[in-house]
Asker: 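Please see the structure below; I have some questions.
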2 protein chains.
Amino acid sequence: MKMSRGVEWALHCCLTLAMTGEDEALTAGELARFFDLPKAYLHKQIQALVRAGILSSTPGPGGGYVLARPLDAVSFMDVVAAIDGPDPAFRCDEIRQRGGSGAIGGPIDPGTRCLIDQAMGRADLAWRRELAATSLGSIQTDVGSARPGLAESTRRWFADQPH
Amino acid sequence: MKMSRGVEWALHCCLTLAMTGEDEALTAGELARFFDLPKAYLHKQIQALVRAGILSSTPGPGGGYVLARPLDAVSFMDVVAAIDGPDPAFRCDEIRQRGGSGAIGGPIDPGTRCLIDQAMGRADLAWRRELAATSLGSIQTDVGSARPGLAESTRRWFADQPH
DNA sequence: GTTTTAGTACTCGGATAGGCCGTGTCCGAGTGCATCTGG
DNA sequence: CCAGATGCACTCGGACACGGCCTATCCGAGTACTAAAAC
């Protein structure tokens with residue numbers, strides 16, 4: 001079970017957009033150079049963030065992407081759902097109702113979910129709860145403490161880029 | 001992010017093996033018919049459970065698989081790790097140290113992990129903790145309460161199968 | 001000098017190919033049982 | 001009748017193709033700016 005690599009890219013891009021501020025938009029190409037990533041593919045991933053309402057896009061020269069809302073209002077869950085999809089990892093195919101297994105012990109009450117599915121659902125919920133409880137804003141704060149000059153250096157880097 | 005379908009199969013097989021008891025082993029073919037699953041592929045998945053020490057196998061006529069230990073001593077985490085692999089879903093590629101991002105703000109203390117990776121690690125841990133805390137034995141107990149005659153019916157079904 | 005207008009360069013956006021891992025299948029090695037043979 | 005040997009059928013175990021989804025890429029639609037030309 002592997003998560004899409006785009007999730008890491010998207011998270012870092014959001015943090016970077018927060019550091020540079022919403023006054024100037026960053027293009028997909030700039031972000032790709034900043035992280036040494038394939039431009040076209042990063043572009044695709046960022047589009048998913050736009051569709052999810054996390055980023056806002058501006059076309060044309062001078063355009064690019066900016067955060068649609070403060071990082072405090074963006075959770076890890078939001079980004080993971082946008083990139084990796086909202087569906088739970090475990091999917092119950094109702095094995096218990098197939099073949100010989102489905103023909104014994106009488107009919108199953110349609111209202112009762114498979115107990116295995118329920119257990120998996122609880123674990124999935126614990127995971128999602130943790131992701132939803134962690135906002136990108138808190139990460140931004142922690143990064144600010146651990147590396148004080150990083151935001152300023154990042155702004156500099158993008159300002160020094162040739163247009 | 002999708003979990004392997006084999007996980008569901010493996011969990012149901014373990015429960016079934018617990019119901020039939022360790023006196024008689026069930027073959028991959030019998031379990032495949034019981035759940036209407038592709039025999040060869042189920043066979044492959046079950047082998048992973050044997051490698052993980054969850055099941056014990058006996059070759060030759062009259063052979064098959066039995067539980068290697070009581071279901072109380074088998075957690076969801078054990079089965080998921082056996083089938084789906086033990087690695088965490090999120091993998092940090094340290095893109096913060098690549099491209100322009102790695103060239104600004106001074107060198108990074110090698111002892112500090114990426115904060116994004118840490119947050120993802122916490123969520124993954126919450127998920128694993130929940131899976132590790134749920135034993136298949138508890139599911140077996142709940143199934144026994146919800147469907148009292150199921151274990152007996154299951155034993156009957158396998159006993160009635162032609163050899 | 002001002003306004004209009006055409007051109008251009010740049011951006012995002014979605015539609016289009018390739019690669020890897022999960023899915024599915026196959027055949028070979030090993031084992032226990034039944035049968036047959038010899039004493 | 002009994003013991004041993006032999007063949008066989010059945011099981012697991014690992015090695016071998018196939019397909020779907022993630023990965024990666026490309027080209028088209030739209031926009032703001034620039035510059036030239038007309039008034």
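Keep in mind that what you see is a predicted model, and the values were worked out from it rather than measured. A note on names: the letters A, B, ... follow the listed sequences, proteins ahead of strands, and every chain is numbered from 1.
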Asker: Please assess A:His43 against A:Leu31 for the test side-chain contact (heavy atoms from CB on, under 4.5 Å), listing each intermediate value before the final yes or no.
Answerer: CA-CA 9 Å; A:His43 191 76; A:Leu31 285 166; over 6 Å; no

Asker: With a 4.0 Å cut-off on N to O distance, would you call A:Arg69 and A:Asp78 a salt bridge?
Answerer: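 A salt bridge links A:Arg69 with A:Asp78.
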
Asker: Applying a 4.0 Å non-hydrogen cut-off, can you work out what A:Ala25 is touching in the nucleic acid: base, sugar-phosphate, or nothing?
Answerer: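 It contacts nothing in the nucleic acid.
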
Asker: Touch check for B:Gly29, heavy atoms < 4.0 angstrom, all strands: base, sugar-phosphate only, or nothing?
Answerer: nothing

Asker: Whole angstrom is fine here: how far is it from CG in B:Asp93 over to C1' in D:dC22?
Answerer: 14 Å

Asker: Which whole-number value in Å describes the distance from A:Lys44 NZ to D:dC21 P?
Answerer: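 In whole Å, D:dC21 P lies 14 Å from A:Lys44 NZ.
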
Asker: Salt-bridged, B:Arg128 to B:Glu130, with N to O below 4.0 Å?
Answerer: no

Asker: Here's a test of your reading of the structure: between B:Gly62 and A:Lys39, which maps to the more 5' nucleotide of DNA chain D?
Answerer: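 The 5'-side residue here is B:Gly62.
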
Asker: Salt bridge or not for A:Glu152 and A:Arg155, using N-O below 4.0 Å?
Answerer: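 Yes, charged N to carboxylate O under 4.0 Å.
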
Asker: Does A:Gln45 reach the main-chain N or O of A:Leu42 with its side chain, forming a donor-acceptor pair under 3.5 Å?
Answerer: no

Asker: Taking atom P of C:dG13 as reference, at what distance in whole Å does atom NE2 of A:His43 sit?
Answerer: 6 Å

Asker: Please determine whether a side-chain nitrogen or oxygen atom of B:Thr27 lies at a distance below 4.0 Å from atom OP1 or OP2 of D:dC12.
Answerer: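 For D:dC12, neither OP1 nor OP2 has a side-chain N or O of B:Thr27 closer than 4.0 Å.
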
Asker: For the backbone of A:Arg98 and the side chain of B:Asp36, can you confirm whether one donor and one acceptor N or O come within less than 3.5 Å of each other?
Answerer: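 Side chain of B:Asp36 to backbone of A:Arg98: no pair is present.
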
Asker: Describe, in one word, how the ring planes of B:Phe34 and B:Phe158 are oriented to each other, choosing from parallel (under 30°), tilted (30 to 60°) and perpendicular (over 60°).
Answerer: tilted

Asker: I need the CG-P distance between A:Asp84 and D:dC21, as an integer number of Å.
Answerer: 14 Å

Asker: Would you say A:Tyr41 reaches C:dG14's phosphate, i.e. side-chain N/O to OP1/OP2 under 4.0 Å?
Answerer: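 Looking at the OP1 and OP2 atoms of C:dG14, neither is under 4.0 Å from any side-chain N or O of A:Tyr41.
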
Asker: Return the value, rounded to whole Å, for the distance between atom CG of A:Leu26 and atom P of C:dT11.
Answerer: 12 Å

Asker: What is the distance, rounded to the nearest whole Å, between atom CD of A:Gln45 and atom P of C:dC12?
Answerer: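 These atoms are roughly 15 Å apart.
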
Asker: Determine, for nucleotides 28-33 of chain D in 5'-to-3' order, which nucleotides have protein heavy atoms under 4.0 Å from the base (write B), from only the sugar-phosphate (write S), or from neither (write -).
Answerer: --BB--

Asker: Taking the side chain of B:Arg91 as heavy atoms from C-beta outward, which of C:dG13, C:dC26, D:dT23 is closest to it?
Answerer: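 Among C:dG13, C:dC26, D:dT23, the one nearest the side chain of B:Arg91 is D:dT23.
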
Asker: Verify the contact: side-chain N or O of A:Arg5 to OP1 or OP2 of D:dA24, cut-off strictly under 4.0 Å; return yes or no.
Answerer: no

Asker: Considering just the side-chain nitrogens and oxygens of B:Gln47, establish if one lies under 4.0 Å of OP1 or OP2 belonging to D:dC12.
Answerer: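 Answer is no, no contact under 4.0 Å.
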
Asker: Starting at CG of B:Leu49 and ending at P of D:dG14, how long is that distance when rounded to a whole Å?
Answerer: 13 Å

